[in-house]
Amino acid sequence: MSASRSNVSVVVVGAGIAGLSTAYHLLQAGFSTLTILEASDRYGGRIKSVIPREHEGAIELGATCIHGASIENPVFRLATEWGMVDSLTFLDRLSGQFRGESGENIDKGLAKQVWEHFLKMESSMDEIYVHGRQSDAAFPSQKTFKEYAEETRVQVLQQYPEKREREAVNKVFNAILNYCQFMNSDELDMVSVDLHGMYKLFPGPEKAFTGKGYTSFVEKFVEKLHGDVIHYNTEATKINWAGERVEVGCKNGKSYKADHVVITCSLGHLKANYEKMFEPELPESKAGAIERTGFGRVTKLFLYYDQPFWTEGMTLAWSQHGEPITEASDWIKQVVFFDMAPANPKAIGGSFAGQGAKILESLSDDEVAATCTEVLGKFLNVPNIPRPTKILRSSWNTDPLYRGGYTYQSTKSQVKDVHRLAAPLPDERRPKVLFAGEATHPDYYSTVHGAFLSGVRESERLEKLYAM
């Protein structure tokens with residue numbers, strides 16, 4: 001197409017990392033007629049850094065770290081280019097103690113052995129995907145992550161005949177399965193084992209931002225956008241793509257017309273709204289992919305104390321795992337870590353997922369403080385643990401703009417669904433409505449770098465359409 005890029009109008013829905021990445025790269029490519037519609041009063045999306053008190057370090061209520069801090073990772077590469085490497089700190093999932101609910105401190109060497117078994121299990125799950133794609137057999141099957149993990153547990157426990165050691169191994173395995181729920185963003189009986197190998201890793205360690213947190217990285221994007229390109233408190237509720245141009249209707253009554261619209265809202269928001277949001281309605285291929293792809297229940301919880309009483313973090317190794325939560329008070333049994341916050345020494349906590357994560361968001365601060373104080377005392381075997389000064393937690397599951405944490409491949413997912421989520425409307429030749437966001441990346445879904453790269457992809461799609 002011969003139109004000048006500066007005259008091509010683009011509306012980006014959402015000022016999370018996918019939307020900001022899309023806008024940033026479009027501006028660099030010469031698309032200057034650009035508007036970002038953000039439903040909330042802030043930028044960053046599921047990156048949300050909170051500073052409890054003035055002059056303190058941030059606590060991450062959203063994305064925690066750069067997964068794979070190496071030059072291959074575009075987020076780390078940009079952080080390096082923008083002079084932010086010195087603000088990154090190394091994260092070690094095996095740091096701190098593994099504690100049982102009877103107050104015992106589980107041998108760290110034994111915990112590392114169980115972790116090695118888990119890594120082998122993950123590798124074998126990846127092979128299922130590779131071999132399944134290459135075979136003529138029906139693929140994927142309906143086998144769940146939980147079923148596969150429980151089969152692996154049996155094999156692992158057979159290697160520890162001594163009763164006390166076997167019980168400790170079982171508890172550590174439970175802790176790792178809670179960790180797997182957080183990594184996969186929901187109950188493991190909802191996660192496909194066959195499609196686990198779709199997810200790819202960048203080399204390198206996990207690193208977290210200190211100081212102002214991950215939001216400081218997002219601020220760099222915003223600084224590079226011109227003028228008032230972001231329109232806050234402007235929720236897009238109707239995308240009419242029937243005409244030559246796309247019309248975006250908003251909850252506040254405003255309306256925007258553009259040659260192209262890039263949708264970057266969360267998969268959870270799409271699940272709840274796509275049927276009434278798009279006119280004409282979405283094709284079955286895309287609607288089906290939205291329905292089938294998993295979007296999990298994830299919560300961040302931190303306890304803040306004026307006077308910290310710990311010297312290292314703690315992983316909770318419960319004696320049981322996977323039983324349905326029938327009592328609201330059981331939410332705590334899905335907590336993985338009371339880990340030290342990387343940027344703030346006065347806070348401990350972390351992420352967890354599943355039904356318990358959703359229950360947490362319905363409880364009062366007093367209820368959360370009482371439960372956490374009791375559990376910490378039990379696991380540390382220390383009476384009179386002080387109550388936290390503040391409870392800091394996310395509300396991703398109940399927030400209508402997100403309705404969950406991040407994407408996973410469910411037992412209903414199909415191999416091509418991620419590509420269907422990313423496909424533009426009406427088609428590749430006429431991309432009037434484009435889609436970005438972590439859910440649309442085939443290799444790096446659920447990550448910040450996946451969201452970032454999806455924005456690069458959609459920017460490049462329009463660059464090719466209006467090749468100079």
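Residue numbers count from 1 along this sequence.
Tyr304 is linked by a ring-ring contact (aromatic ring centres under 6.0 Å, His included) to nothing, counting only residues two or more places apart in sequence or in another chain. Listed by chain and residue number, Tyr444 satisfy the ring-ring contact (aromatic ring centres under 6.0 Å, His included) test with His441 (two or more places apart in sequence, or in another chain). Remark: Asn174 engages Arg153 in a side-chain hydrogen bond (donor to acceptor under 3.5 Å, both in side chains) (not counting sequence neighbours). Listed by chain and residue number, Ser49, Tyr214, Lys300 satisfy the side-chain contact (heavy atoms from CB on, under 4.5 Å) test with Glu60 (two or more places apart in sequence, or in another chain). Here Thr315 pairs with Phe98, Ala175, Phe337 under the side-chain contact (heavy atoms from CB on, under 4.5 Å) rule; sequence neighbours left out. Contacts of Glu122 classified as salt bridge (charged side-chain N to carboxylate O under 4.0 Å, His left out), with partners at least two apart in sequence or in another chain: none. Evaluation of the ring-ring contact (aromatic ring centres under 6.0 Å, His included) rule for Phe173 yields no partner, not counting sequence neighbours. Under the side-chain contact (heavy atoms from CB on, under 4.5 Å) criterion, Ser6 pairs with Ser4, Ser32, not counting sequence neighbours. Remark: Lys238 pairs with Glu279 by the side-chain contact (heavy atoms from CB on, under 4.5 Å) rule, at least two apart or across chains.
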Worked verdict on Ile290 versus Leu282 for side-chain contact (heavy atoms from CB on, under 4.5 Å):
CA-CA 10 Å; Ile290 290 172; Leu282 295 180; 3.7 Å; yes
Ring pair (Phe, Tyr, Trp, His ring centres under 6.0 Å) between His67 and Tyr199: does it pass, once the steps are laid out?
CA-CA 12 Å; His67 297 281; Tyr199 181 81; 7.9 Å; no
Run the side-chain contact (heavy atoms from CB on, under 4.5 Å) test on Val415 and Tyr129 for me, step by step, so that the C-alpha distance in whole Å, both residues' side-chain angles and the decisive distance to 0.1 Å come before the verdict.
CA-CA 10 Å; Val415 175; Tyr129 175 72; 4.2 Å; yes
Output, in order, the C-alpha distance, side-chain angles, deciding distance and verdict of side-chain contact (heavy atoms from CB on, under 4.5 Å) for Glu281 and Glu275.
CA-CA 7 Å; Glu281 65 184 21; Glu275 290 180 306; over 6 Å; no
I'd like to know whether Ile348 forms a side-chain contact (heavy atoms from CB on, under 4.5 Å) with Leu376, so could you lay out the CA-CA distance, the side-chain angles of the two residues, the decisive distance to 0.1 Å, and finally the verdict.
CA-CA 11 Å; Ile348 52 172; Leu376 280 171; 4.2 Å; yes
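Tyr445 has its side chain out of reach of Thr293: every pair of non-hydrogen atoms, C-beta onward, lies at least 4.5 Å apart. The shortest side-chain heavy-atom distance between Pro74 and Phe202 falls under the 4.5 Å cut-off. In this structure, Ser410 and Met190 have side chains that are not in contact, with every pair of non-hydrogen atoms separated by 4.5 Å or more. Contact of the Ile391 side chain with the Leu303 side chain is registered, since non-hydrogen atoms from C-beta on lie closer than 4.5 Å. Contact annotation: the side chain of Val433 approaches that of Ile239 to within less than 4.5 Å [non-hydrogen atoms, C-beta and beyond]. Proximity of Gln334 to Gln181: side-chain heavy atoms (C-beta onward) are separated by under 4.5 Å at one or more points. When side chains are defined from C-beta on, Ser413 does not count as touching Met198, because their heavy atoms never get closer than 4.5 Å. Side-chain contact between Asn252 and Asn233: absent, with no pair of heavy atoms (C-beta onward) separated by less than 4.5 Å.
Between Arg461 and Glu458, at least one side-chain nitrogen of the basic residue sits less than 4.0 Å from a carboxylate oxygen of the acidic one, meeting the salt-bridge criterion. Salt bridge Lys390/Asp365: absent, no basic N to carboxylate O contact under 4.0 Å.
Looking at Asn344, its side chain never comes within 3.5 Å of a backbone N or O of Ala58 through a donor-acceptor pair. A donor-acceptor contact shorter than 3.5 Å links the side chain of Arg393 to the backbone of Leu360. In terms of modelled atom types and a separation under 3.5 Å, the side chain of Arg77 and the main chain of Ile71 share a donor-acceptor contact. Counting only distance, with no hydrogens or angles, the side chain of Arg297 and the backbone of Asn397 share no donor-acceptor pair below 3.5 Å. Under a 3.5 Å cut-off, the side chain of Asn73 and the backbone N or O of Gly68 do form a donor-acceptor pair. A side-chain donor-acceptor contact under 3.5 Å links Glu361 to the backbone of Thr398. Remark: the backbone N or O of Ala63 is not paired with any side-chain donor or acceptor of Arg46 at under 3.5 angstrom. In this structure a side-chain-to-backbone donor-acceptor pair under 3.5 Å is present from Asn273 to His269. Distance alone, capped at 3.5 Å, is enough to place a donor-acceptor pair between the Glu438 side chain and the Ser446 backbone. A distance-only check finds a donor-acceptor pair linking the side chain of Ser70 to the backbone of Pro203 [under 3.5 Å].
Relative orientation of the Phe221 and Tyr24 rings is perpendicular, given thresholds of 30° and 60° on the angle between their planes.
Counting all heavy atoms, side chain and backbone alike, Trp241 lies closest to Pro280 at NE1-O, 2.9 Å. Residues Leu267 and Phe295 come closest through the heavy atom pair CB-CD1, 3.7 Å. Between Asn178 and Val335 the shortest heavy-atom distance is ND2-O, 3.8 Å. Of all the heavy atoms in Gly437 and Ser454, the pair that sits closest is N-OG, 2.8 Å. Closest approach of Ala436 to Val262, counting heavy atoms only: CB-CG1, 4.3 Å. Listed here is the closest heavy atom pair of Tyr232 and Asp41: CD2-C, 3.8 Å.
Note that the CH2 atom of Trp331 and the OG1 atom of Thr299 stand 9.5 Å from one another [nearest 0.5 Å]. Atom-to-atom distance recorded for Gln355:CD and Ile325:CD1 is 6.0 Å, nearest 0.5 angstrom. Atom CE of Met125 and atom CG of Asp194 lie 9.0 Å apart (nearest 0.5 Å). Between the CG atom of Leu270 and the CD1 atom of Ile263 there is a distance of 7.5 Å, given to the nearest 0.5 Å. The line from CD1 of Ile359 to CD of Glu367 is 11.5 Å long, rounded to the nearest 0.5 Å.
Annotation: salt bridge (Lys or Arg N to Asp or Glu O under 4.0 Å) contacts involving residues 213-225, sequence neighbours excluded, comprise Lys212-Glu219. Listed by first and then second residue, the salt bridge (Lys or Arg N to Asp or Glu O under 4.0 Å) pairs that reach into residues 346-359 are Glu56-Lys346, sequence neighbours excluded. Each ring pair (Phe, Tyr, Trp, His ring centres under 6.0 Å) pair with one or both residues in residues 402-429, not counting sequence neighbours, appears once here: Trp396-Tyr402.
Counting only N and O atoms by type, the side chains of Tyr256 and Ser9 include no donor and acceptor under 3.5 Å apart. Side-chain atoms of Arg457 and Thr440 include a donor-acceptor pair closer than 3.5 Å.
With ring centers used as reference points, His25 lies under 6.0 Å from Phe452.
Note that Lys286 lies outside the cation-pi zone of Tyr274, set by a 6.0 Å cut-off to the ring centre and a 45° limit from the axis.
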